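Residue numbers start from 1 in every chain, and the chains themselves are labelled A, B, ... in the order their sequence lines are given, proteins ahead of strands. Computed from a predicted model, the values in this text were never measured in an experiment.
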Number of protein chains: 4
Amino acid sequence: MPAPDPARRSERSRLAVLRATRELVTEVGYAGLSIEAIAARAGVGKQTIYRWWRSKGAVVFDAILALSEGSEGAVTLPDTGDIEADLKVVLRATVAEFADPAFEAPIRALNLEIASDPELAAEYRKRLAAPVDEAKKARLRSAQQAGQIRADADLDLALELLYAPLYQRWLLRSAPLTPEYADALVEHVLRALRP
Amino acid sequence: MPAPDPARRSERSRLAVLRATRELVTEVGYAGLSIEAIAARAGVGKQTIYRWWRSKGAVVFDAILALSEGSEGAVTLPDTGDIEADLKVVLRATVAEFADPAFEAPIRALNLEIASDPELAAEYRKRLAAPVDEAKKARLRSAQQAGQIRADADLDLALELLYAPLYQRWLLRSAPLTPEYADALVEHVLRALRP
Amino acid sequence: MPAPDPARRSERSRLAVLRATRELVTEVGYAGLSIEAIAARAGVGKQTIYRWWRSKGAVVFDAILALSEGSEGAVTLPDTGDIEADLKVVLRATVAEFADPAFEAPIRALNLEIASDPELAAEYRKRLAAPVDEAKKARLRSAQQAGQIRADADLDLALELLYAPLYQRWLLRSAPLTPEYADALVEHVLRALRP
Amino acid sequence: MPAPDPARRSERSRLAVLRATRELVTEVGYAGLSIEAIAARAGVGKQTIYRWWRSKGAVVFDAILALSEGSEGAVTLPDTGDIEADLKVVLRATVAEFADPAFEAPIRALNLEIASDPELAAEYRKRLAAPVDEAKKARLRSAQQAGQIRADADLDLALELLYAPLYQRWLLRSAPLTPEYADALVEHVLRALRP
DNA sequence: GAGTAACCGAGACGGTACGTCGCGTCTTCTG
DNA sequence: CAGAAGACGCGACGTACCGTCTCGGTTACTC
């Protein structure tokens, strides 16, 4: 299998596959998703998918990535000077996103794939998570300089404290995700971070 | 389809299925697991599996549940009077468990199943998570009475702050799980909970 | 792959496959025949075909064999006492069969398959050709005893002289197959065989 | 699709394709032969094949034709004056050819192709079979004039009687092809042809 | 103790999707 | 502009499992 030549790749097919994947994942869920169906919906040969993606997970990954990359560069968090208020806005937004099935389904699919494919997980971190996390840490750093967060705080850990509980509730559906929950989360975490 | 009579259920088959499932999930991973293979390995007819379990996830679920239920009732956390020390011991133990592939693989399988099957998720919470969480909260409540944790702290949220970051790192392999990480986590969270 | 148990074979499926094969081979020709189409037409899973037949050729083989086996045991040639007249009747009948597309197409398919699969060829000789050839030789032997054919004639070769030219014309379409041709063939061959 | 200009055709590519076809047909058999593989082996684009040949069969046809055309014009049978001896030499030579896999495989491929493609069969008769048959008939005619064969014998039929049994044995592998068989065949057929 | 109804193992069945191969067409670049 | 290279839509391949459905053959409960 000589590596295919990316220069000759059909852009039309690539986009059709990503669009079909997004549509299908919301329609039939991740478990019900098949390469066969994606190819059929996209009007594309199966081989074209296998030529450019390693696995079903990789397709889903790119399908979602393609969405995010529209807003590329613009990954900045609000900064009103009030870290608590700003974080609440951001986390409430995240909660809202998770409430929308059209967003929720593909992202759940992506997370399942990442959880069972370390290679995909690495790419996910590099291309999706890292930039977003960097933006979030930038906001925390700004709060640090404003004296709202301790100078010696571990920002990576801070990020996890803020987002992991929300992530866990969503993924395992262990408890409802409400705006109030987002607020409480921010308040608790900030208590640990304040000087 | 008259409901099968649990009284006539073959204990030997039940155990063989659960054992085979545990073996296979560590050998081939969750994605590579099949009812067909479980039945063959267990020396059991496929129908026997379909008769007693609703889905592959349910089998995996029971296979892991069967392990935990050996230590049933004994779900108690250490209580030396020092909440910080006790939590560090417990979280370090969790980190160690996740490092062992024989434990890690089936639990990952279980989590993937739960994440994509709400019904299973509910049963998981009721039969596995709830008792364990209750034990953990009991320890926190004891610390509350000892004045080491604020009286108005939300213990459910406290639990999430303690475990979700660890869970997320493990599931997504976003960063290494070390004993030092467990310690840092406990310290940060306790800062948010202290009076 | 443990050999399947013929006792549990579904007769309904077997017949459906053979019937579908016969239909399709006349409709789309042998080259256009696919296991996929046979399975679909027969309302049968592909695996069921692969379980019981080694190859597409083997299915075609059985499909045609099934037809011939209806008239089993009755493989006898006419014997009016006049070998020349009898042979002409038989060869003219063969010519007529080859003129009927419904007969011709599957038999051509079978021959192509036999020509490229020695294993199938062996089974063909044993199950189809041998009994028929034996019947033909029986008629020649009877003529021998009647003094119409030399006592030391090689009946196997005689059979080939009678049928191979006809076979070749048909298979390669090298010249038209007419009743007159059949007659001429018989006359020539008998000249070589008479005392 | 304007017809390609034969004047600009690459002789190098043409020969490479024919050589590759001959090699592959002996290596993998006719069923296992693919345009894709021929193009790869010949170091030629697939389009080049599709441009100059109508089908896989046509390529095989030309590949074998190219061999025979080396000896073109020289298609003459030995004529010692003894028709029986001469025919035995020729048929024994044919038997020997069929025993050599390097000859046998492509010729079998060609015959399968001809049997399933009437158009190709016609071209085969015109370009390959007819000249050879003419040469054979020339020898028989010579024997006729020498009084070794009846004046009113049908030479076309005579040819079939001589070659078809041999052809059938070879194609269907219905019995071994030996020099003795060739001799017996000649003797029987001549008995039918003699005055 | 005989009858009988369930579970049991085994595995054939109609299906769906897999990942691969080859088809014949189309596109891009090179000599 | 023929030719090499090879991506493309497509269709079939032969395989793996799905969940359902018979098959005998043990059990274990009823009369």
Side-chain angles (χ1 to χ4, degrees), chain A residues 1-2 4-10 12-13 16 32-40 42-52 55-56, chain B residues 1-2 4-10 12-13 16 32-40 42-52 54-56, chain C residues 1-10 12-13 16 32-40 42-52 55-56, chain D residues 1-2 4-10 12-14 16 32-40 42-52 54-56:
Chain A
M1 186 194 65
D5 179 356
R8 311 191 49 183
R9 180 169 188 180
S10 159
R12 144 185 281 272
S13 296
L33 189 66
S34 74
I35 298 271
E36 200 118 347
I38 295 173
V44 140
K46 280 200 287 177
Q47 199 66 277
T48 298
I49 299 184
Y50 286 111
R51 189 164 16 237
W52 302 111
S55 68
K56 191 172 73 170
Chain B
M1 187 194 66
D5 178 357
R8 310 198 56 170
R9 179 170 188 180
S10 160
R12 141 186 278 274
S13 297
L33 189 67
S34 73
I35 298 270
E36 202 111 351
I38 294 172
V44 141
K46 284 200 288 175
Q47 199 60 262
T48 300
I49 298 184
Y50 286 110
R51 180 150 39 225
W52 302 110
R54 330 184 273 104
S55 70
K56 189 172 74 170
Chain C
M1 187 193 66
D5 178 357
R8 309 190 51 184
R9 180 168 188 181
S10 160
R12 142 185 283 272
S13 297
L33 190 65
S34 74
I35 298 271
E36 200 118 347
I38 296 173
V44 141
K46 280 199 288 178
Q47 201 64 351
T48 298
I49 298 184
Y50 286 110
R51 184 153 32 229
W52 301 110
S55 68
K56 191 172 74 170
Chain D
M1 189 192 65
D5 177 357
R8 311 197 56 169
R9 180 170 188 179
S10 158
R12 142 185 281 273
S13 295
R14 201 189 118 252
L33 189 66
S34 71
I35 298 269
E36 202 111 353
I38 294 172
V44 140
K46 284 199 289 174
Q47 198 60 262
T48 300
I49 298 184
Y50 286 110
R51 182 151 34 226
W52 301 111
R54 346 181 260 101
S55 72
K56 189 171 74 169

Does B:K46 make a side-chain donor-acceptor contact with the base of E:dG11, cut-off 3.5 Å?
no
Classify the side chain of A:R51 and the base of F:dA7 as holding, or not holding, a donor-acceptor pair under 3.5 Å.
no
Between B:I35 and C:Q47, whichever has its closest DNA chain F nucleotide further toward 5' is C:Q47
Assuming nearest nucleotide by heavy-atom distance, tell me which of B:A37 and A:A39 is located more 5' along DNA chain F.
A:A39
Nearest whole Å is fine: how far is [N] [atom2] from [X] [atom1]?
X     : N      : atom1 : atom2 : result
A:I49 : F:dG9  : CD1   : C1'   : 12 Å
B:E36 : E:dC13 : CD    : P     : 14 Å
D:W52 : E:dG24 : CH2   : C1'   : 18 Å
A:D5  : E:dC29 : CG    : C1'   : 11 Å
A:R9  : E:dC29 : CZ    : P     : 17 Å
D:Y50 : F:dA4  : OH    : C1'   : 16 Å
C:R12 : E:dA12 : CZ    : C1'   : 14 Å
B:I38 : F:dC17 : CD1   : P     : 11 Å

Which heavy atom of C:K56 sits nearest a heavy atom of C:I35, and at what distance?
CA-CD1, 4.1 Å
Work out which heavy atom in C:P6 is nearest to a heavy atom in C:P4; give both atom names and the distance.
CD-O, 3.2 Å
First locate atom OG1 of B:T48, then atom NZ of B:K46, and finally report the distance between them rounded to the nearest 0.5 Å.
11.5 Å
Looking only at E:dC8, E:dC23, F:dT20, the nucleotide nearest the B:T48 side chain is E:dC8
State which of E:dC13, E:dC7, F:dC1 makes the closest approach to the side chain of D:R8.
F:dC1
Please determine if a side-chain N or O atom of D:S13 lies less than 4.0 Å away from the OP1 or OP2 oxygen of F:dA2.
no
I'd like to know whether CZ of D:R12 has more than 12 heavy-atom contacts from other residues, nucleotides or ligands below 6.0 angstrom.
no
Quick check: on DNA chain E, is the nucleotide nearest A:G32 upstream (toward 5') of the one nearest C:G45, or the reverse? Name the residue that is more 5'.
C:G45
side-chain contact (heavy atoms from CB on, under 4.5 Å) between D:W52 and D:R14, worked out
CA-CA 9 Å; D:W52 301 111; D:R14 201 189 118 252; over 6 Å; no
